[in-house]
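Scroll down for the structure; my scribbles are underneath it.
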Amino acid sequence: MVPVRVRFAPSPTGFLHIGGVRTAIFNYLFARHNDGKLLIRIEDTDKERSKREYENDILDALKWLGLEWDEEPMRQSSRVTRHRELVEELVENGKAFRCFVSPEKAQAIKKAEMDRGGINAFRSPDRELTARESQARADAGEPFAIRFKVPSLDVSFNDRVRGKVTTPAHTIDDFIIMRRDNTPTYMMAVVVDDSEMEISHVIRGADHITNTPKQVLLYEALNLPEPEFAHVPLILGPDKKRLSKRHGAAAVTEYREQGYLPDAVFSFMSTLGWSLGEEKDIYTREELIESFDLKGINKSSAVFDEKKLEWMNGQFMSTLSDNSIQQILRPELARRIEDGAYPHGTGPMLAKAVQLLKTRARFPMDILDKGGYFFNDPTTIVDRKAAKKRLKDPAIPDRLDELAKRFSALSEFTEETAEEALRIYIEELDVNAGALIHPTRIAVSGMGSGPGLFELLVALGKETTVRRMRSLAEHLRKHGTPPIPDDPELELPMIEPVG
Ligand code: GLU
């Protein structure tokens with residue numbers, strides 16, 4: 001058995017995109033499942049478009065996802081001399097040739113064939129030049145590219161996902177392996193490098209499947225053993241078009257900044273285009289490594305469902321310890337305390353907010369964004385619908401004041417004592433519990449729903465609870481039920497400014 005060595009070979013011409021991540025993950029899972037090695041090759045031969053910034057972004061994103069690799073990442077540009085040597089060898093063996101046909105002329109020949117309705121690929125007229133003629137023209141300074149002389153036999157390879165793939169030779173151009181500026185092309189570099197890095201399996205996107213026959217021809221011509229190939233299906237957006245920025249699918253770092261957790265992204269992307277044959281949505285990294293098999297990769301494209309990823313993030317969030325969520329939030333909370341937005345942003349209050357909101361949040365930052373009432377008195381009613389429905393009754397201001405008075409009189413403010421005070425008052429009034437519970441929740445949080453009311457009241461503390469209830473009562477008395485403007489941008493004042 002050949003030891004398993006796979007590679008992820010990104011071109012550093014852009015940030016690591018969520019689609020590229022899936023290829024990296026499949027390579028990682030395959031390597032770990034087989035006790036093999038995952039190598040990184042930075043395909044930076046396009047000098048104009050390759051940037052160090054992108055290379056760093058790609059490596060950072062892989063690290064963030066926990067995709068550790070083995071051995072130093074390799075830059076393809078460092079191997080150009082070797083690529084050229086083997087191009088030379090192919091020319092010497094008559095398997096490749098200098099082609100003096102200008103790119104414009106080659107284009108015109110291809111176009112003429114297409115216009116005729118022909119299906120034949122480009123055959124350079126220079127493939128038949130004698131060695132001497134070819135040398136003489138090169139010596140005279142005539143520019144040339146080097147093309148591979150595509151033989152007339154069909155090309156086949158066995159794809160681990162799609163099975164046998166056969167390409168008729170007459171549909172393959174005499175492709176360029178070294179450009180006129182003496183730089184080797186991707187086609188040449190990838191074969192030489194995969195071979196010399198002893199890559200056993202090339203696992204990559206299905207967009208490369210048309211390159212593979214050409215690469216197979218190069219392996220044969222260079223007398224090198226071929227790796228196995230597995231082309232993984234493309235990822236599509238919900239509109240069934242190839243996933244792109246238009247679908248909101250962004251660079252991995254953007255997901256990271258939005259608060260996605262690496263384990264959630266990892267788990268979600270792993271199951272895009274790969275079925276484990278179980279009805280389960282969430283897998284741990286260990287489970288994924290344990291069951292990964294090229295056989296499970298689907299032939300058809302996978303659809304990227306951002307809503308599901310968001311949901312999954314919430315699931316992973318609820319498995320994090322309170323401490324680690326607090327740690328994620330501390331720097332942002334400090335910023336909000338500093339700019340005056342969250343005056344009650346103490347450590348204990350953060351701990352309570354995390355404890356009560358963790359299972360309701362999809363992103364750690366939701367706790368600060370949606371749970372602002374833990375850290376400051378609410379100044380607006382966020383949930384207008386709830387306000388419209390729950391604050392209609394003109395008796396509410398008096399009831400809020402009375403309940404606040406009873407809370408205030410409690411020597412111990414616990415979930416039990418607060419609940420009891422509320423129940424007693426409800427019985428006296430002979431109303432539904434909701435008639436008091438909802439206005440109280442709106443008073444303390446500005447929200448129509450949230451964590452258990454009594455847990456919330458105790459977390460906020462007696463003083464804050466009482467202050468906010470009185471404040472809403474006063475506001476309602478002065479202004480009546482808050483007007484519910486249709487324009488969602490309009491602020492809806494609720495609490496009278498304190499002091
Ligand atoms: N550098 C190529 C890309 O980013 C990948 C080449 C390969 O996997 O063979 O699409």
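Only heavy atoms go into these numbers, but all of them, side chains included; no hydrogens, no water, no symmetry mates.
Of all heavy-atom pairs between Met188 and Leu222, the closest is CE-CD1, 4.1 Å. When every heavy atom of Lys95 is checked against every heavy atom of Phe148, the shortest pair comes out as O-CD1, 3.5 Å. Taking every heavy atom of both residues into account, Val101 and Asp126 meet most closely at N-OD2, 3.4 Å. Considering all non-hydrogen atoms of both residues, Leu67 and Ile25 come closest at CD1-CG1, 4.0 Å. Nearest approach of Ile282 to Glu287, heavy atoms of both residues: O-OE1, 4.1 Å. Across all non-hydrogen atoms, the minimal contact from Arg162 to His231 is NE-O, 4.3 Å.
Checked by atom type and distance alone, the side chain of His33 pairs as donor or acceptor with a backbone atom of Ile289 at under 3.5 Å. Within the 3.5 Å criterion, the main-chain N or O of Thr45 finds no donor-acceptor partner in the side chain of Gln76.
The aromatic rings of Phe26 and Phe292 lie tilted to each other, with the angle between the two planes from 30° to 60°.
Side-chain atoms of Asp174 and Cys99, non-hydrogen and from C-beta on, never get closer than 4.5 Å to each other. In this structure, the side chains of Arg7 and Val190 come closer than 4.5 Å at one or more pairs of heavy atoms. Within the 4.5 Å cutoff, the side chain of Phe97 has no heavy atoms near those of the Ser134 side chain. At a threshold of 4.5 Å between non-hydrogen side-chain atoms, the residues Ser301 and Ile235 do not count as touching. Side-chain contact check for Ile172 versus Leu217: some heavy-atom pair is nearer than 4.5 Å. When side chains are defined from C-beta on, Leu218 does not count as touching Leu86, because their heavy atoms never get closer than 4.5 Å. At least one side-chain heavy atom of Met74 sits under 4.5 Å from a side-chain heavy atom of Arg79. At a threshold of 4.5 Å between non-hydrogen side-chain atoms, the residues Phe375 and Leu368 count as touching.
With no hydrogens or angles considered, a side-chain donor-acceptor pair links Asp193 and His83 at under 3.5 Å. Counted by atom type alone, Ser445 and Arg441 present zero donor-acceptor pairs between their side chains at under 3.5 Å. Donor-acceptor pairing under 3.5 Å is lacking for the side chains of Asn298 and Ser300. Of the N and O atoms on the side chains of Thr253 and Asp57, at least one donor lies less than 3.5 Å from an acceptor on the other residue. Defined by atom type and a distance below 3.5 Å, a donor-acceptor pair is missing between the side-chain atoms of Tyr260 and Glu254. Under the 3.5 Å distance criterion, with hydrogens and angles disregarded, no donor-acceptor pair is assigned to the side chains of Thr166 and Asp154.
A salt bridge is absent between Glu71 and Lys37; no separation between the charged side-chain nitrogens and carboxylate oxygens falls under 4.0 Å. Salt-bridge annotation for Arg84 and Glu88: absent, with no side-chain N of the basic residue lying under 4.0 Å from a carboxylate O of the acidic one. With salt bridges taken as basic N to acidic carboxylate O contacts below 4.0 Å, one links Glu55 and Arg52. Looking at Asp263 and Arg285, a side-chain N of the basic residue comes within less than 4.0 Å of a carboxylate O on the acidic one, giving a salt bridge. Ion pairing between Arg160 and Asp293 fails under the 4.0 Å rule for side-chain N and carboxylate O.
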Arg41/Asp194 under salt bridge (charged side-chain N to carboxylate O under 4.0 Å, His left out): CA gap, chis, key distance, verdict: CA-CA 9 Å; Arg41 183 173 68 233; Asp194 280 341; 2.7 Å; yes
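Put simply, CZ on Arg204 and OG1 on Thr23 are 10.5 Å apart, with the number rounded to the nearest 0.5 Å. The CZ atom of Arg147 sits 6.0 Å away from atom OG of Ser124, with the distance rounded to the nearest 0.5 Å. The distance from the CD atom of Glu228 to the CG atom of Asn158 is 7.0 Å, given to the nearest 0.5 Å. Atom CG of Leu288 and atom CG of Leu29 lie 6.0 Å apart (nearest 0.5 Å). To the nearest 0.5 Å, atom CZ of residue Arg242 and atom CZ of residue Phe304 are 14.0 Å apart. In this structure, CG in Asp369 is found 11.5 Å from CG in Leu357, a value given to the nearest 0.5 Å.
Enclosure of atom CD in Glu290 is not indicated, since only 12 or fewer non-hydrogen atoms of other residues, nucleotides or ligands lie within 6.0 angstrom. A 6.0 Å sphere centred on NZ of Lys214 holds more than 12 heavy atoms belonging to other residues, nucleotides or ligands. For Lys352, the NZ atom sits in a packed shell: over 12 heavy atoms of surrounding residues, nucleotides or ligands are nearer than 6.0 Å. Within 6.0 Å of atom CD in Glu338, 12 or fewer heavy atoms from other residues, nucleotides or ligands are found, so the atom counts as exposed in its surroundings.
Under the salt bridge (charged side-chain N to carboxylate O under 4.0 Å, His left out) criterion, Asp35 pairs with no residue at all, not counting sequence neighbours. For Arg180, the side chain to side chain donor-acceptor pair (under 3.5 Å) test picks out no residue, with sequence neighbours left out.
Here side chain to side chain donor-acceptor pair (under 3.5 Å) pairs that include residues 356-366, with residues two or more places apart or in two chains, are Asp322-Lys358.
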